[in-house]
Amino acid sequence: MSLQKDRRNMYGESPHSSRKNIRRGKQNQHQEERRTSNQTLALVAAHSTEDQMIACEVAADTGARVNRLKGFKKDPDRPLADFIERQQSRRERAGMHQAEHPPEDAAKAT
């Protein structure tokens, strides 16, 4: 049960940089939303009609929402069981399991 509930980062980067990059991604996402809204609202002139102002405000909200949906999403970490399985397969490919467990014939000979 613990192997399914415990999670590990398998993205391939340092866990320390992941913590920083998640924060940075959210920050960039919010900045993009503000920029999009401000660009749309900047088009409203002082002499615009009320209907034009409302339409521009709705367009700004819609643009911000679209950016939010397309924006940053954290990839979930993988279950510990997947991490261990991947680690063992990498060790087998590298031949590390052979070094850990010497052949039985060599053990009997000594």
Side-chain angles (χ1 to χ4, degrees):
M1 187 152 193
S2 177
L3 292 178
Q4 292 303 318
K5 288 191 172 188
D6 290 346
R7 310 294 263 182
R8 290 293 183 269
N9 182 0
M10 291 176 54
Y11 187 68
E13 61 185 16
S14 165
H16 310 293
S17 69
S18 290
R19 284 191 285 268
K20 290 179 182 179
N21 288 334
I22 290 168
R23 199 173 325 135
R24 224 175 260 141
K26 289 180 179 180
Q27 182 181 23
N28 289 339
Q29 172 65 34
H30 293 147
Q31 185 176 6
E32 179 69 21
E33 289 175 29
R34 288 192 304 270
R35 185 186 65 78
T36 303
S37 295
N38 288 336
Q39 281 181 342
T40 306
L41 293 175
L43 299 175
V44 176
H47 58 276
S48 297
T49 65
E50 188 175 340
D51 291 337
Q52 290 173 336
M53 289 182 189
I54 291 172
C56 193
E57 185 178 350
V58 168
D61 288 342
T62 304
R65 190 170 294 124
V66 167
N67 278 340
R68 193 175 311 125
L69 292 174
K70 289 182 181 178
F72 176 79
K73 288 184 179 65
K74 179 187 177 293
D75 289 334
D77 293 337
R78 302 282 167 78
L80 182 59
D82 292 349
F83 178 78
I84 292 172
E85 182 180 317
R86 181 172 180 233
Q87 206 172 32
Q88 287 176 344
S89 67
R90 280 183 37 219
R91 286 178 181 165
E92 288 173 2
R93 280 186 302 217
M96 293 174 72
H97 278 297
Q98 296 169 355
E100 289 179 10
H101 303 292
E104 292 181 19
D105 296 335
K108 290 179 183 177
T110 57

K.L.:
Enumerate, atom names and distances included, each donor-acceptor pair closer than 3.5 Å involving a side-chain atom of residues 20-29, sequence neighbours excluded.
P.N.:
from  : atom 1 : to    : atom 2 : distance (Å)
Asn21 : OD1    : Arg24 : NH1    : 2.9
Asn21 : ND2    : Ser17 : O      : 3.2
Asn28 : ND2    : Arg24 : O      : 3.4
Gln29 : OE1    : Phe72 : N      : 3.1
Gln29 : NE2    : Glu33 : OE2    : 3.1
Gln29 : NE2    : Asn67 : O      : 2.9

K.L.:
Hey, are the side chains of Arg86 and Asp82 touching, using non-hydrogen atoms and a 4.5 Å cut-off?
P.N.:
no
K.L.:
Please report the closest heavy-atom contact between Ala60 and Thr40, naming both atoms and the distance.
P.N.:
N-CG2, 3.7 Å
K.L.:
Restricting to salt bridge (charged side-chain N to carboxylate O under 4.0 Å, His left out), what partner residues turn up for Glu57, sequence neighbours left out?
P.N.:
none
K.L.:
Under 3.5 Å, side chain of Gln39 to main-chain N/O of Thr36, donor-acceptor pair present?
P.N.:
no
K.L.:
Not counting sequence neighbours, which residues clear side chain to side chain contact (heavy atoms under 4.5 Å, CB included) with Ala81? List them please.
P.N.:
Leu3, Gln4
K.L.:
Quickly, which of Arg35, Arg34, His30 forms a side-chain hydrogen bond (donor to acceptor under 3.5 Å, both in side chains) with Glu32? Name it, please.
P.N.:
Arg35
